[in-house]
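Here is the structure we will look at, set down as structure tokens.
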Number of protein chains: 2
Amino acid sequence: MNLVSNPATGHTARLAPLVGACLGSMQRPASTRTPLDIADTMKLLGNCLAPQRRVVRAGAVLYAAGERFRTLYVLNTGLMKIVSTASDGREQVVGIKFRGDWLGFDGIAEGVYACDAVAVDTGEVWGLVYDEVLAACAESPALLGLLHAAMSRQIGRDRESLMSVCTLPADARVAEFLRQWAESLERSGLRFDQITLPLTRAEIGNFLGMTLETVSRALSKLAREGVIDFAGRGRRDICIGDTGALAAFVQRCLAPVRTSACLLQ
Amino acid sequence: MNLVSNPATGHTARLAPLVGACLGSMQRPASTRTPLDIADTMKLLGNCLAPQRRVVRAGAVLYAAGERFRTLYVLNTGLMKIVSTASDGREQVVGIKFRGDWLGFDGIAEGVYACDAVAVDTGEVWGLVYDEVLAACAESPALLGLLHAAMSRQIGRDRESLMSVCTLPADARVAEFLRQWAESLERSGLRFDQITLPLTRAEIGNFLGMTLETVSRALSKLAREGVIDFAGRGRRDICIGDTGALAAFVQRCLAPVRTSACLLQ
DNA sequence: CGCCACTTTGAATTAGCTCAAATTCCGTGG
DNA sequence: CCACGGAATTTGAGCTAATTCAAAGTGGCG
């Protein structure tokens, strides 16, 4: 019997028409769909899936590695970090999540979360029970498209991280990190010329594969060169006049490096 | 109208019952499903989805960044690398694919592949048109579970890469690389005590974020310490007596390093 | 106010990189 | 079959970017 598309509960039957209505404009193959912006996506999810809203205070653990996987989350406000811990205790920030990002995909394969999701800032997440999402997707290919796009984007994002860590010198990595932060804020519809880093230098360094001292020095250098400015008293508020300047800084760091051989072929 | 679950073509209708039959044993929620081994998974996919089999010769490009996304691939035999190219030309090997691995997920979000997939070794891939996969999934939640598990596993795998690059010194990174290679072979059901690296030192180094010289030195050191042995005259065949020895080597490299502060909280 | 966690900056150290040379391997053609 | 050439690999020697260690500065909060 087909568990999901013919659910025993009436839950799905109640939701599905709504989903269809909400996502009506997306009834095209995923490959030709124009991307929704995040505000719209959140609105659709909110209307269609009756998510369980949950406030997470700074420092709170949304889920921890090893916990049984049941629900996916979408971040509505705030900021979260994804921390992976190796069996020998090495800890690594493997992702930073902004408004509109999904959390928990890593749990699907094994039925158990593989990482910890920790709130860096107080915010609100929407919990979506995975089985219910699947049920709703069975009725609405558009919702399925949304889900797959989110997973796909995460895969792409993770690869960008690896690329940064592997190919950029420390200073450029920090600049690129800020650039992508600003980009994420822009996607979220928030102002991105002035950003507040709720992460410590140690956390940033861990994420970028360098020490906190190196992060500090890199930020100082960026400020010295006028690419960024420190706003406010604490040095956690950063003004980015122009994201182009950050990109230019990255290229400047890269210039003297030998161009790696062509890996294609 | 519901494009996928009520397809206009008869194609899906023809496939769907087959899928249901093939995957009958998996009609449980993903979170409680016992994982299939790769041979079984391949057999199921082969029986259920009528994939387009395609031989790729060493060096061939399966798909390239920028090409329109239409099909996902599953690697049946051989070995492929996923190469990401930044806008400034930096190239990065962001993944290595073994038997049973899926390729192309990165294309779903934007409808365009984000990376190049290049055959490192002659092999065979199975092409699955994404829209047809979706159609089949609409009829078979089990197949959807397979798809999501593959994506989820890729996300987990990518994070492991980032963890290695960020937290391990070069020697340990090479050891860990070999360990995971052996693990992948084991998963594929192939012998893994003796592995042949069809990648050049430069490719390995690129993937691991170090120079080819460093890879070479690390391999020499591993051989000197008896953790691996070079078989054959070309130094591309490597005997791994015991994957535990590789893990131990990693820990030995790690020992003198200060333990990073607890990032949780 | 005074503590504590975070940050900055400096100075010394080192892991990994760059550059260079020698060696091996393999395919090709005589 | 052997000689040759090109590509990949190994190994050595210096150099440099980033780390480690240390100390001083800053801000937030009870």
Side-chain angles (χ1 to χ4, degrees), chain A residues 58-59 120-121 164-175 177 196-224 228 230-238 250 252-263 265, chain B residues 58-59 120 164-175 177 196-224 228 230-238 250 252-265:
Chain A
V120 168
D121 218 0
S164 281
V165 171
C166 285
T167 66
L168 295 181
D171 291 346
R173 225 137 79 213
V174 172
F177 169 76
T196 298
L197 296 175
L199 298 170
T200 65
R201 304 291 190 245
E203 289 170 312
I204 297 171
N206 178 285
F207 180 53
L208 297 178
M210 66 187 72
T211 60
L212 65 146
E213 294 95 330
T214 303
V215 175
S216 178
R217 277 184 251 268
L219 287 172
S220 297
K221 184 174 179 187
L222 284 167
R224 203 179 321 128
I228 64 171
F230 286 110
R233 56 242 141 269
R235 310 194 85 200
R236 289 188 160 198
D237 295 311
I238 291 175
V250 170
R252 216 178 316 145
C253 291
L254 228 44
V257 175
R258 72 169 168 184
T259 60
S260 77
C262 183
L263 290 163
Q265 184 62 273
Chain B
V120 168
S164 281
V165 171
C166 285
T167 67
L168 294 181
D171 291 346
R173 224 139 77 213
V174 173
F177 169 76
T196 298
L197 296 175
L199 298 170
T200 66
R201 304 290 189 242
E203 289 171 313
I204 297 170
N206 179 284
F207 180 53
L208 297 178
M210 66 187 73
T211 60
L212 66 148
E213 294 94 331
T214 302
V215 175
S216 177
R217 276 184 251 269
L219 288 171
S220 296
K221 185 175 178 188
L222 284 166
R224 204 181 319 128
I228 63 171
F230 286 109
R233 53 224 147 282
R235 309 194 86 200
R236 289 188 162 198
D237 295 312
I238 291 175
V250 171
R252 214 177 318 145
C253 291
L254 228 44
V257 176
R258 71 169 167 187
T259 61
S260 77
C262 181
L263 290 162
L264 247 173
Q265 183 62 274

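All values derive from a computational prediction rather than experimental measurement. Convention: sequence-line order gives letters A, B, ...; per-chain numbering from 1.
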*Scan B:G205 against the nucleic acid and name what it touches under 4.0 Å (heavy atoms): base, sugar-phosphate only, or nothing.*
nothing

*Taking atom CD1 of B:I204 and atom OG1 of B:T214, what is their separation to the nearest 0.5 Å?*
12.5 Å

*Protein-nucleotide distance (B:L199, atom CG; D:dA7, atom C1'), rounded to Å*: 16 Å

_Rounded to whole Å, how long is the line connecting atom CZ of B:R201 with atom P of D:dA8?_
12 Å

*Gap between atoms CG and P, on A:D171 and D:dA18 respectively (whole Å)*: 6 Å

Detail all sub-3.5 Å separations between protein N/O atoms and N/O atoms belonging to nucleotides 11-15 of chain C.
none

_Do B:I238 and B:F230 make a side-chain contact, defined as non-hydrogen atoms from C-beta onward lying under 4.5 Å apart?_
yes

*Taking atom types as they are modelled, is there a donor-acceptor pair under 3.5 Å from the base of C:dC19 to the side chain of B:E213?*
yes

*Which whole-number value in Å describes the distance from B:L212 CG to D:dA7 P?*
15 Å

*Taking the side chain of B:S220 as its heavy atoms from C-beta onward, which of D:dT11, D:dT10, C:dT7 lies nearest to it?*
D:dT11

_Spacing between B:L222 atom CG and D:dT9 atom C1', to the nearest angstrom_ = 16 Å

_Separation between CZ of A:R235 and OG of A:S216, rounded to the nearest 0.5 Å_ = 7.0 Å

*Check the distance between D:dT11's C1' and B:L219's CG and give it to me in whole angstrom.*
14 Å

*Would you say A:V174 and A:K221 make side-chain contact, with heavy atoms under 4.5 Å?*
no

*Measuring from A:R224:CZ to A:L219:CG, what's the distance to the nearest 0.5 Å?*
11.0 Å

_Euclidean distance, A:L168 CG relative to A:L254 CG, rounded to 0.5 Å_ = 6.0 Å

Report, one pair per line, the protein and nucleotides 23-26 of chain C atoms (nitrogen or oxygen only) whose separation is under 3.5 Å.
{"unit_1": "C:dC25", "atom_1": "OP1", "unit_2": "B:R233", "atom_2": "O", "d": "3.3"}

*Please lay out, stage by stage, how B:F177 and B:L197 fare under the test side chain to side chain contact (heavy atoms under 4.5 Å, CB included).*
CA-CA 11 Å; B:F177 169 76; B:L197 296 175; 4.3 Å; yes

_I want to verify a distance call: between C:dT8, D:dT11, C:dT7, whose nearest atom is closest to the B:S216 side chain?_
D:dT11

*Please round to the nearest 0.5 Å and tell me the distance separating atom CG of B:D171 and atom CG of B:L222.*
7.0 Å

*Check every strand shown and say whether A:T214 touches a base, only sugar-phosphate, or nothing at a heavy-atom separation below 4.0 Å.*
base

*Just how far, in rounded Å, is C1' of C:dT7 from CD of A:E203?*
14 Å

*Return the value, rounded to whole Å, for the distance between atom CG of B:L208 and atom C1' of C:dC17.*
16 Å

*Could you check whether B:R173 gets within reach of a base, just the sugar-phosphate, or nothing at all, counting any heavy atom under 4.0 Å?*
nothing

_Pair A:T200-A:R236, side chain to side chain contact (heavy atoms under 4.5 Å, CB included): steps then yes or no_ = CA-CA 8 Å; A:T200 65; A:R236 289 188 160 198; 3.2 Å; yes

_From OG (A:S164) to CZ (A:F207), nearest 0.5 Å_ = 8.5 Å

*Output yes when at least one side-chain N/O atom of B:T200 is less than 4.0 Å from OP1 or OP2 of D:dA8, else no.*
no

